[in-house]
Each structure stands twice: as C-alpha cells, then as structure tokens.
Student: 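Input: one structure, supplied below.
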Amino acid sequence: DIVMTQGALPNPVPSGESASITCRSSKSLVYKDGKTYLNWFLQRPGQSPQLLTYWTSTRASGVSERFSGSGSGTYFTLKISRVRAEDAGVYYCQQVREYPYTFGAGTKLELK
Amino acid sequence: EVLLQQSGAELVRPGSSVKISCKASGYTFTDYYMHWVKQRPEQGLVWIGRINPANGNTVYAEKFKSKATLTADKSSNTAYMQLSSLTSEDTATYFCTSTIAAIPFAYWGQGTLVTVSS
C-alpha cells in the first residue's frame with residue numbers, strides 16, 4: 001500500500017498569515033496518463049470532508065483561490081493564504097493513484 | 001444538485017451485523033463509482049472500498065475484505081454497506097462518497113455513526 005505522510009503546522013496560526021502543509025507519498029503518484037493523483041480535503045469539526053484540490057493542483061468547484069496545491073512525484077504541498085477562521089479543521093491528503101486508496105493521518109490547523 | 005443521503009445512526013450488539021444505506025440523487029447513479037470511508041472517533045479517514053453501481057463490481061481494501069460487503073440497487077439509486085461480526089473496533093462514522101465526472105470524492109454523505117456496544 002502507498003503510505004502518505006503529512007507534516008505538522010506550527011499551531012496556532014495567526015489569522016491573515018499563510019500556512020503550508022506537506023504530504024509525502026511512499027511511491028510516485030504519477031499515473032500512465034501523465035496526471036498526478038493527489039487530493040486534499042478539509043474536514044471541519046462535526047462535518048464531512050470537503051474536497052479542496054485534486055490532480056495535485058486543480059481546485060474543486062467553489063473552493064477559494066486562497067487554497068493552492070502543488071508538487072510532483074512523491075512530494076506535495078497545500079498552501080493556504082491569508083488564513084481565516086473558517087479554515088480551521090483537519091486537512092488530509094489522499095492518493096488515488098492505485099488501490100487501496102490511502103489518506104495521510106491528517107494535519108490540524110488552529111487559528112490564533 | 002448532487003446529494004448523498006445516508007441512513008441514521010445505529011446502536012448494535014457485538015457479534016451482530018448492520019447494513020447502512022446511501023441514497024444518491026442529482027446525477028445518473030450508474031455512471032460513477034461509490035466509495036465508502038471509515039472514521040473512528042477522533043481518528044483519521046480510512047478507505048474501505050468502492051462499488052460500480054452499473055454492474056456491482058467491487059474493490060476492497062485488504063483489511064475490510066471479510067468485514068464489509070458493498071452492494072447497490074439501481075432501481076432505488078441506493079448504495080449499501082453491510083458490516084459483519086461487529087466489535088468495538090467497528091465503532092465509527094461511515095461515509096459514502098462519489099467520484100463524479102472524473103472529480104474524485106467530490107460529494108460526500110453526512111455520515112452514519114455505528115456504535116457497537118452491549
């Protein structure tokens with residue numbers, strides 16, 4: 001199975017600052033079609049996860065431009081610009097390159 | 001509007017089974033896979049498996065092969081997950097989630113809490 005390893009955040013993050021979350025996979029997530037199958041989700045307390053980005057950097061519909069995904073191969077980053085109160089929660093990366101799909105352990109974002 | 005409406009919370013006895021449902025609306029049910037995800041209290045997300053509602057084809061994570069059974073009813077646009085031989089380790093919220101128009105895991109149900117307790 002592909003192991004996903006997420007980095008931590010220096011919580012709490014001051015409102016208005018930027019925050020970056022890292023995610024590393026144990027195997028390249030590039031598929032034969034050339035796409036890199038890495039997703040990012042935000043799960044706010046008591047809610048279902050929300051898709052933020054897919055194919056590494058494509059923002060899902062309705063997601064703020066403050067969220068940007070980047071990376072390649074086995075190393076990925078989600079950057080959140082001008083952090084706001086509603087960004088608080090747990091962020092997960094997920095690989096959908098091959099079965100079984102696997103998630104990172106989650107990275108908690110707390111705001112100051 | 002795409003909606004995935006899951007069945008309500010369940011309290012079940014150890015050793016028993018439970019079947020939870022996920023009713024899809026707002027899209028053609030048979031066009032896209034339905035996935036199931038487990039989340040234990042205060043823990044992360046774990047992918048259980050997926051079903052192709054068009055033909056019933058399933059793929060499971062290894063650890064759930066003898067625990068979960070995924071089915072789908074095309075006539076009611078509803079996906080089901082049965083969990084068997086329940087233990088306290090199965091106490092969790094279970095989500096259904098669909099990949100639609102090649103956008104993975106774009107839509108999620110509200111989750112079904114299954115509590116295993118005597």
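A note on names: the letters A, B, ... follow the listed sequences, proteins ahead of strands, and every chain is numbered from 1.
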Student: Out of L51(A), T58(A), V90(A), V96(A), return the one with the most heavy atom pairs under 4.5 angstrom to chain B.
Tutor: L51(A)
Student: Hydrogens and angles aside, do Q39(B) and Q43(A) bring a side-chain donor and acceptor to less than 3.5 Å of each other?
Tutor: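 The answer is yes; a qualifying pair exists.
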Student: Once side chain to side chain donor-acceptor pair (under 3.5 Å) is applied, do any residues pair with T56(A), and if so which ones, sequence neighbours excluded?
Tutor: none
Student: Is L109(A) linked to Y92(A) within one hydrophobic cluster, defined over Ile, Leu, Val, Met, Phe, Trp and Tyr using a side-chain heavy-atom separation of less than 4.5 Å?
Tutor: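 No, no single cluster joins them.
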Student: Can you hop from V37(B) to V116(B) via hydrophobic side chains spaced under 4.5 Å?
Tutor: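 Per the 4.5 Å side-chain linkage, V37(B) and V116(B) are not co-clustered.
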Student: Surrounding CD of E65(A) (heavy atoms of other residues, nucleotides or ligands, distance under 6.0 Å), is the total greater than 12?
Tutor: no
Student: How many angstroms lie between OG1 in T97(B) and CZ in F41(A), if you round to the nearest 0.5 Å?
Tutor: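 Reported to 0.5 Å precision, the distance equals 6.5 Å.
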Student: May I ask you to check whether over 12 heavy atoms, not counting those of R13(B), lie within 6.0 Å of atom CZ?
Tutor: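 Atom CZ in R13(B) is not crowded, with 12 or fewer foreign heavy atoms closer than 6.0 Å.
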Student: Quick check: under 4.5 Å, non-hydrogen atoms only, which of residues 63-71 of chain B neighbour chain A?
Tutor: none
Student: Would you kindly confirm whether F103(A) and Y101(A) end up in one hydrophobic cluster when ILVMFWY residues are joined by side chain heavy atoms under 4.5 Å apart?
Tutor: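 As far as the 4.5 Å side-chain criterion goes, Y101(A) and F103(A) are connected within one cluster.
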Student: May I ask you to decide if W108(B)'s main-chain N or O and S48(A)'s side chain share a donor-acceptor pair within less than 3.5 Å?
Tutor: no
Student: Under 4.5 Å heavy-atom distance to chain A, tell me which part of E62(B) shows up: side chain, backbone, both or neither.
Tutor: neither
Student: Indicate if L38(A) and L52(A) have the same hydrophobic cluster label, given that clusters are the connected sets of ILVMFWY residues with side-chain heavy-atom separations under 4.5 angstrom.
Tutor: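 Result: yes, single cluster for both.
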Student: Mind checking whether W47(B) and Y99(A) have parallel, tilted or perpendicular rings, split at 30° and 60°?
Tutor: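 Correct class here is parallel.
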Student: Is it the case that one hydrophobic cluster holds both Y60(B) and Y33(B), taking links as side-chain heavy atoms less than 4.5 Å apart, direct or via other members?
Tutor: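 As far as the 4.5 Å side-chain criterion goes, Y33(B) and Y60(B) are not connected within one cluster.
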Student: If you draw a 6.0 Å radius around CZ in R44(A), do more than 12 non-hydrogen atoms from other residues or ligands fall strictly inside?
Tutor: yes
Student: So do the side chains of Y54(A) and F105(B) get within less than 4.5 Å of each other, counting heavy atoms only?
Tutor: no
Student: Pick from I48(B), V46(B), L45(B), I103(B): which one has the most heavy-atom pairs with chain A under 4.5 Å?
Tutor: L45(B)
Student: Need one label for F95(B): side chain, backbone, both or neither, based on atoms under 4.5 Å from any heavy atom in chain A.
Tutor: side chain
Student: Looking at every heavy atom in both N39(A) and P104(B), which two are closest together, and how far apart are they?
Tutor: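 Nearest heavy atoms, N39(A) then P104(B): OD1-CG, 3.5 Å.
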